[in-house]
Structure formats: C-alpha cells, structure tokens
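First comes the structure, then the notes that go with it.
By convention in this document, chain letters (A, B, ...) are assigned in the order of the sequence lines, proteins followed by strands, and residues within each chain are numbered from 1. Below, each value reflects all heavy atoms present in this structure, side chains not excepted, and no hydrogens, waters or symmetry copies.
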There are 2 protein chains.
Amino acid sequence: MSLRHALLALLEAEPMSGYSLARFFEQSVAYVWHAPHSQIYPELRRMHEAGLISGRSEARGTHATKTIYTLTKEGRAELARWVEEVTPSQRERDAGYLKASYLEYASFASARKQFEAHRAHHEEQRRRWEAHVRNLENRDTDLLRIRLAQNAELADAVVAYKVHVYHGLIDRAKHEVRWATAGLKLVDELEAGFRAGKKAAPRKRRTG
Amino acid sequence: MSLRHALLALLEAEPMSGYSLARFFEQSVAYVWHAPHSQIYPELRRMHEAGLISGRSEARGTHATKTIYTLTKEGRAELARWVEEVTPSQRERDAGYLKASYLEYASFASARKQFEAHRAHHEEQRRRWEAHVRNLENRDTDLLRIRLAQNAELADAVVAYKVHVYHGLIDRAKHEVRWATAGLKLVDELEAGFRAGKKAAPRKRRTG
DNA sequence: GACTGCATGTAACGAGTTACATGATTGG
DNA sequence: CCAATCATGTAACTCGTTACATGCAGTC
C-alpha cells in the first residue's frame, strides 16, 4: 500500500487538506509514485476510518469548509512500521521492454518511432528530476523547509536520502536513453542487413 | 493491455493449451512482464470471446480434454496493430525508491537491510537475465527454435530485439546494484555523522 | 494407494484509470 | 460577470493479487 504510506509521510510534515495534500503530492512523491486525486480522496477517507488520521473542519472562504487531516498516534506508528519493514520487490512488469522484445513484428519505421519515444520520455524525466534534485540540494522546496524547521537533527538524512533517490532515478533515465539510442542503431543494422539479404537472395526463404 | 498482447505473441509461434501457454510464458515473457496463471486463464476466455483466438478440444489422457488455442486472423491483426502503435510510457511508480526517500524515519540498521535486499534482488535478476540472454544468443530456447524454423528471414531480428531487451535489463540491474551499494555507503556516513554530532553536542536540537 | 506434477479454473479483494460532476472563490 | 482555478468528490471499469478448489495421470 504505497499510496497510503506516501500520504502518511506527507502528513507527518504538516497537517493539511486533501487538496493541498494532492498538490504537495504532485510536487514531490509523484516523481516516484504517481497517483491522481481521484485515488487520493477515497484513500484519505479509508485512512480516516482506519484511525490513521483525524480530520477537523476549517472555514474556506465565507460559505464553504475544508477538512484538515492530522496524523494520529496510530498513523505515526504505521508510518514507522512501514519504513522499518523490508518490502518484497515488485514483480517485473515493463510494457516498453515487453513490446521491444517483439519488434520483429513491426516495421522498421515503427520500431524507430518506439525507441525515439522511449528516449524522449526519459530525457524529459531526467530533466525534471535534475531540476528537482537541485531544489532538494539547495533545500529549497516548500515541504523540505517545513520538515527541516521541525527537525534540525535529521536534516542531513532527510535531504541525503531524497537526493540519493533522485540521483538513482537520473542515472536510470540516462541508462534508458542509452538503451533507446542503441535500439535505434540496432534498427539501422537490421534494416541494412534486410536490404542486403533481399538483394543478394531475393527469395531465400526456407524452412529446413 | 500488455498481458493480452504477450499471449498473442506466444500463440503466434504455435497453437497451444492454456497450461503450456502459462509454462512458456513463465520461461520467456515473465522475465519482463509477470503474470500468474490465475490471470492467464480468464484472459484467454476473454480473448476467445473477442474472436482473437479460436479453441479446439483435444484429448488429454483417456478421460480428460484440453483446449488448444490458435490465433485467428483478427488476433494476428491485433498483434500487428499493437507492435506498430507507440504506447505512452507508464507513469512512475516505484515502491522501493518511494520508501528510500523516507528512510530518515527508519533506523540505520533497517535502512541497511533495505538496501541489502534491493541489491540482492537485482543481483539475482541479473543472473537470471544473463543466463537467459546466453540461451537467446545460442538460439537455444524452445520457443525460439519454433519461431526460427518458421521464419528464417526474420531470424536475426527475432533474436536481436530480444537480446537488446535483455541487455537493457541487465544494465538496469547493474545500475540498481550500484545504487543500493551507494545507499549502504550513505547510511554509514549518516550514522558516522549522527554519532559525531551526538558526542560533540548531545542536545543540539533547535527549531530556529 | 499415496504422492507429485499436470491442468484448469473461481472468488474475493485491492489497486489504478478515466471520465464525469459540482460548486466556491478570486482576480480581472 | 466571467474565467480560471480551488476544492472535493463519485462511478464504472480494468487490472492484478492471493487464496482456494478440483481432478487426472504417471510412478514408486
């Protein structure tokens, strides 16, 4: 239940409403674990039912109200339990690599497009993460300021683990870019081989 | 719908029963896309209803029967459509990295255990993929033999794309091992800093 | 005749996606 | 007063996990 624990971790920094939670989520954990608001609201309700968070109503403008959620003792304990526990690794499930292993069914043009899209995606991710890690290193994100103000003792660890994570993601993105680039080269080679084979032996098909 | 297309790709090589499909799946695509048999059987039923595969009964022993599934024209077309199409990348969702970014809540001992487990997992994955890629390079897997016998013209591409995928996975696993190793070093440094800080200024807590 | 592996499923639940829906506030 | 954006959800659906269930076939 990663979503639940990500939310607990955010609320540990500061009590907030569902909406600001969703906004902070988008600016921090979503870089590692994406979740839309349609998943966050019901999860908050379930966490409330489970006693992990408590909610209090607060005025919003003149007519409306919003609920501010706060970690309970149980919520704090659950967060602690989760970080202590070793979670078994996720099973492999990579749609891009899966399709790449069957690209022999695709045209060369389409195979190229796939590798190009893969490369573009990971270049973009890399840029995003690099920008984010700079903010972390400068201790210049809203959440970080709140957390560091509260806990000067842990400040180094708070920043260091996150920086380590983002460096890991950046390296991974670089790897994906290299992989996609090598894939493009492979397509070129296969196409060259295919053309050469066709010219040399136009009907070399045999099933022996 | 990656599962569906992975199954189509397997059936393209040879008609088979749900069980042998599940076995071949486990020995090939599962390295990239895991799925248990409890997901495969119902998906086959749905694919049959959708007209992508056809089934014929065959004797199994003296009393029982099994269903052998074959790709239909529609199934073949759907497979072709899928490989041609550029699938948007999956949203980021990595439970290990998520937890790693909140390891400041964990004990140093537990943080170490997590990185060690991460490293062990990816070392094991790497070994599995390396063994598999050797078989691919030697063209020595059951499925490959079937597919290469059918289509000598595409043989190079069939092997080359898969080898490219597994090399990518192996490099990625190496990256994860390096990342976890660096994580262990980081824990050591943080712990050393923590001890030093404690000795030098046993109650340096401040919230300014 | 008991055990192991082959073979095929169902059921209940939890997680995630996409689309829809509604109303309040704030700034121009 | 109109648009943007704040704010909070629901609904329907698909996908994936875990556990349970059943019976045949070959072999020791």
May I have the distance from [X] (atom [atom1]) to [N] (atom [atom2]), rounded to whole angstrom?
X	N	atom1	atom2	answer
B/L7	C/dT8	CG	P	14 Å
A/M47	C/dA15	CE	P	12 Å
B/E26	C/dA7	CD	C1'	15 Å
B/L21	C/dA7	CG	P	13 Å

Test item: side-chain donor near acceptor, A/E12 and B/Y105, under 3.5 Å: yes
request  = Determine whether the side chains of B/E85 and A/Q114 contain a donor N or O and an acceptor N or O closer than 3.5 Å.
outcome  = no
Report the relative orientation of the aromatic rings in [X] and [Y]; use parallel for angles under 30°, tilted for 30 to 60°, perpendicular for over 60°.
X	Y	answer
A/F115	B/H164	perpendicular
A/Y97	A/W179	parallel
A/Y31	A/Y166	perpendicular
A/H37	A/Y41	perpendicular

A correct 5'-to-3' footprint of nucleotides 5-17 of chain D, with B, S and - meaning base, sugar-phosphate only and no protein heavy atom under 4.0 Å, is -SBBBB----SSB
